[in-house]
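Okay, so here's the structure we're looking at.
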Amino acid sequence: MDFKKFILPHIWNLKPYSSARDEFKGKEGVFLDANENPLGSGNIPEWNRYPDPMQWNIKYQLAEIKQCSVDQIFLGNGSDEAIDLLIRMTCEPSKDHIIICPPTYGMYEVSASVNNIQIQRINLTNDYQLNVSEICENINEFSKLIFICTPNNPTGNKLSRADIRTILAKFQTGFVIIDEAYFDFSDEASFISELSTYPNLIVLQTLSKAYGLASLRLGMAYADPILIQLLNKIKPPYNISGATQSLVEEALKNKEFAKTSAETLNNAKKDLISKLKDLPEIITIFPSNANFILVKCINAQALFDYLIKEKIITRNRSSVTLCDNSIRISIGLPEENNQLIEKIKRFYA
Ligand SMILES: *Cc1c(COP(=O)(O)O)cnc(C)c1O
């Protein structure tokens, strides 16, 4: 793939900011290069030095976990940062567009709009799968990115791998971004293993869900090293704080947590679903490969309002395309899920 053709020229040609920590990489020495405060940080541990702009320690850990190479990894301040940078790298404002498949994650649209990029919406089918023929028919010279979220938020289901492969093969004039934020909860293999097959593929993952680190803000983009270099060039130099880097390094040493918490939450999900199934006012519980479920019910708005009054916060998705009367429920602890069931019963009683 001739990447240069699909990257905006001013980005391709950009000379990046060179930080003090880029120019000298050693750890020992008298550091008089970055205008830091040598006295420390006051009453907290020392955070007075700028962090590693390339976050190598975390990348080495992730490369081993994900079985990829360190130069295929970009780290962002949440995957939301990667979404924004990818749009800015490829789309020319008020001319190019991204393709999204509603109902889906809201940030693709917000990020595009912030950057004055048009949005082409090709809705999912009624069973929440990709409308492959519509997508392919709508690709034109202004299509730069196709966002595919699997397992999809807010519907919870995984999308057909064959469909995704068809789009990857068909769309050769831009990039297909597969958002795998909920990958750990699903039994599917990650598309990271297919990066060498599809140079136009970019995979997003995050530590915000199964890894339980939403507050630290760390998202990953996996792609061809050429694209990773471009992302590194346009990111803010120190986009991942030192505190985040050191806590993530520590958290990733626990090799089991993401896997076991995904199992635990998947079991809790099964239990919650079996209890919701007994309630006639719950019309549909959509199949979920994520740590949440979408349920269609009678009078979603009133149920949602009632639950809030009872201090149980869910997400009303009723106004979203193809989600009328539907509420998205994150899987909580067993006792939290039971409280939810009790309140729903009381509401419909
Ligand atoms: C939660 C979520 C993310 C994660 O975003 P972060 O910025 O990494 O917290 C990304 N994509 C989807 C679809 C999500 O639901």
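These values consider heavy atoms only, across backbone and side chains, with no hydrogens, waters or symmetry-generated copies. Every number for a ligand or one of its atoms is a count from 1 in the order of the listing.
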>> I'd like to know if Glu109 and Arg121 make a salt bridge, using a cut-off of under 4.0 Å between side-chain N and carboxylate O.
In response: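 Salt bridge: yes.
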> Under 4.0 Å between a Lys/Arg side-chain N and an Asp/Glu carboxylate O for Arg161 and Glu194?
Replying inline: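 Salt bridge flag = yes for Glu194 with Arg161.
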> Can an N or O of Tyr108 be found at a distance shorter than 3.5 Å from an N or O of ligand 1?
Replying inline: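 No - when backbone and side-chain N and O of Tyr108 are compared with those of ligand 1, no distance drops under 3.5 Å.
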>> My understanding is that we take every heavy atom of each candidate and find the minimum distance to atom 15 (O) of ligand 1. Doing that for Phe292, Tyr182, Phe147, Tyr105, which one comes out nearest?
In response: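 Answer by nearest heavy atom: Tyr182.
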>> Over 60° means perpendicular and under 30° means parallel, so tell me whether Phe147 and Tyr108 are parallel, tilted or perpendicular.
In response: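 It falls in the parallel class, under 30°.
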>> In terms of relative ring orientation, are Phe175 and Phe3 parallel, tilted or perpendicular, with 30° and 60° separating the classes?
In response: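 Judged by the thresholds at 30° and 60°, the geometry between Phe175 and Phe3 is parallel.
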> Is there side-chain contact between Asn200 and Gln172, with at least one heavy-atom pair below 4.5 Å?
Replying inline: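 Of all side-chain heavy-atom pairs linking Gln172 with Asn200, at least one is under 4.5 Å.
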> Quick one: does Leu218's side chain get under 4.5 Å of Leu216's, heavy atoms only?
Replying inline: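 No; the side chains remain at least 4.5 Å from each other.
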>> Quick test: of every protein heavy atom, which one is nearest to atom 11 (N) of ligand 1, and how far off is it to 0.1 Å?
In response: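 Answer, as residue, atom name and distance: Asp179 OD2, 2.7 Å.
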>> Looking only at protein heavy atoms, which one is nearest to atom 5 (O) of ligand 1, and what is the separation?
In response: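 In this structure, atom 5 (O) of ligand 1 has Ser79 OG, 3.3 Å as its nearest protein heavy atom.
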I need the atoms of ligand 1 closer than 4.0 Å to a non-hydrogen atom of [X], numbered in the order shown.
X      : value
Arg217 : 6 (P), 7 (O), 9 (O)
Asp80  : 5 (O), 7 (O)
Ala181 : 2 (C), 3 (C), 10 (C), 11 (N), 12 (C), 14 (C)
Cys149 : 13 (C)
Ser208 : 6 (P), 8 (O), 9 (O)
Gly78  : 6 (P), 7 (O), 8 (O)
Lys209 : 1 (C), 2 (C), 3 (C), 4 (C), 14 (C), 15 (O)

> Judged by modelled atom types alone, do Asn57 and Asp52 share a side-chain donor-acceptor pair under 3.5 Å?
Replying inline: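 Side-chain D/A pair, Asn57 to Asp52: absent.
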> With a 6.0 Å cut-off on ring centres, are Phe292 and Tyr182 close enough?
Replying inline: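 When the ring centroids of Phe292 and Tyr182 are compared, they turn out to be within the sub-6.0 Å range.
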